[in-house]
2 protein chains.
Amino acid sequence: MIQEKKKAFNNFAVAKGLRSTRQRDIILDTFLSTNQHISVEELYLKIKSGNQGIGQATVYRTLKLFTEAGLAREILLNDGQTRYEHVIAGEHHDHLVCTGCNAIIEFEDETIEKLQKDIAARQGFHMRSHKLEIYGLCIKCRH
Amino acid sequence: MIQEKKKAFNNFAVAKGLRSTRQRDIILDTFLSTNQHISVEELYLKIKSGNQGIGQATVYRTLKLFTEAGLAREILLNDGQTRYEHVIAGEHHDHLVCTGCNAIIEFEDETIEKLQKDIAARQGFHMRSHKLEIYGLCIKCRH
DNA sequence: CATGTAATGAAAATGAATTTCAAAAGCAGA
DNA sequence: TCTGCTTTTGAAATTCATTTTCATTACATG
């Protein structure tokens with residue numbers, strides 16, 4: 001699966017005439033090895049801790065490339081930082097965020113997806129994407 | 001309705017021991033006279049254009065107060081600016097955003113609301129709030 | 001391997017939002 | 001109404017994430 005993603009990025013790079021660089025390889029490997037929802041800063045620090053010096057700007061730029069290439073998706077919660085998650089082909093999910101401990105749980109719901117398309121259509125919109133976040137307190141944080 | 005909101009803010013201010021000031025009156029009047037989804041900058045400029053000099057910081061601070069008081073709600077779309085909309089008692093709605101012209105259409109959907117609560121409950125969450133945005137192209141922007 | 005161009009990184013710039021702090025203004029109580 | 005205490009204000013400085021700049025480095029192709 002990791003190999004597939006690497007290949008996917010490679011295809012994208014070739015198609016776009018991008019060069020292959022040490023930095024992009026490292027950033028991709030590190031991104032693929034992380035959990036979901038990593039912030040740019042976190043990824044940058046993770047790379048740094050592996051003694052592989054890469055500039056922050058490059059991490060920012062490269063994550064945008066991954067997004068363009070369809071391997072990553074930006075998620076903006078309410079903490080002022082952009083996070084990135086892995087895109088898994090054909091899978092869409094939304095987020096349940098605990099306002100107590102900041103835990104993020106993913107979920108999917110076909111019915112909601114469909115209702116959204118209907119709502120958009122009713123207003124003459126062609127739905128491109130959507131964002132649904134449910135905020136609340138998880139079991140642990142309800143004391 | 002405007003009077004009610006003013007009274008509501010006044011009650012909040014009294015309860016919190018806040019002083020009543022010229023600035024807060026002007027900001028509240030201006031906010032209540034605007035359309036939905038105004039950014040802080042827009043509100044600030046609107047006030048400024050009325051020859052009533054009020055500092056930006058005060059506008060920021062005051063909108064936070066309105067939010068606390070329950071008259072306004074922060075909305076964060078994907079443009080990096082916080083916008084505020086009016087809170088209408090008991091009414092909740094979500095947003096349909098045109099990525100072409102940035103038009104924002106509000107909608108409500110009981111079924112989606114209910115499904116969200118169910119999803120949260122299924123994960124042991126106590127839902128506090130949620131945010132749903134559908135992005136797409138409106139009729140005009142589909143050329 | 002030389003040459004043109006893309007990518008990198010450090011530092012500067014940006015832009016929204018927040019904080020600082022001195023001055024101004026509200027609010028008691030005398 | 002005056003006095004004194006405290007909150008609020010505003011301009012400027014600060015913060016913080018992100019983007020841009022630009023000189024340098026490193027791909028890749030002839």
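As the structure is a computational prediction, the values presented were derived from the model and not from experiment.
The aromatic ring centroids of Y84(A) and H37(A) lie 6.0 Å or more from each other. The ring of F31(B) has its center closer than 6.0 angstrom to the ring center of H86(B).
When each of Q81(A) and S20(A) is assigned the nucleotide of DNA chain D bearing its nearest heavy atom, the one mapping closer to the 5' terminus is Q81(A). Of the residues near DNA chain C, L76(B) and R24(A), the one whose nearest nucleotide (by heavy atom distance) lies more toward the 5' end is R24(A). Closest-nucleotide positions on DNA chain C for R83(B) and G17(A) were compared, and the one nearer the 5' end corresponds to G17(A).
The separation between Y44(B) atom OH and dG10(D) atom C1' is 9 Å, rounded to whole Å. A straight line from CZ of R19(A) to P of dT3(C) spans 16 Å, rounded to a whole angstrom. For the pair E74(B) CD and dA17(C) P, the computed distance is 9 Å after rounding to whole Å. As a whole-Å value, the separation of L43(A) CG from dT18(D) C1' is 15 Å. In this structure, Y84(A) atom OH and dT18(D) atom P are separated by 8 Å, rounded to whole Å. Computed from coordinates, the Q23(B) CD to dA24(C) C1' distance equals 10 Å when rounded to whole Å. Rounded to an integer number of Å, the gap from L63(B) CG to dA17(C) P is 10 Å. Rounded to whole angstrom, the span from the CG atom of L18(B) across to the C1' atom of dC27(C) amounts to 13 Å.
Side-chain atoms of T99(A) come within 3.5 Å of backbone N or O of G136(A) as a donor-acceptor pair.
Remark: Q3(B) CD to L32(B) CG distance equals 9.5 Å, nearest 0.5 Å. Here the CD1 atom belonging to I38(B) is positioned 7.5 Å from the OG atom belonging to S33(B), to the nearest 0.5 angstrom.
A close approach under 4.0 Å does occur between a side-chain nitrogen or oxygen of T82(B) and OP1 or OP2 of dA17(C). Here T21(B) does not reach the OP1 or OP2 of dT8(D): none of its side-chain N or O atoms lies under 4.0 Å away.
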Distance-only donor-acceptor pairs under 3.5 Å for side chains of residues 112-121 of chain B, two or more places apart:
{"unit_1": "E113(B)", "atom_1": "OE2", "unit_2": "H130(B)", "atom_2": "NE2", "d": "3.4"}
{"unit_1": "K114(B)", "atom_1": "NZ", "unit_2": "D118(B)", "atom_2": "OD2", "d": "3.1"}
{"unit_1": "Q116(B)", "atom_1": "OE1", "unit_2": "H130(B)", "atom_2": "ND1", "d": "3.0"}

Review item, nucleotides 18-21 of chain C N/O atoms under 3.5 Å of protein N/O:
{"unit_1": "dT18(C)", "atom_1": "OP1", "unit_2": "K64(B)", "atom_2": "NZ", "d": "3.3"}
{"unit_1": "dT20(C)", "atom_1": "O4", "unit_2": "R61(B)", "atom_2": "NH1", "d": "3.4"}

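With sequence neighbours left out, H126(B) forms a ring-ring contact (aromatic ring centres under 6.0 Å, His included) with no residue at all.
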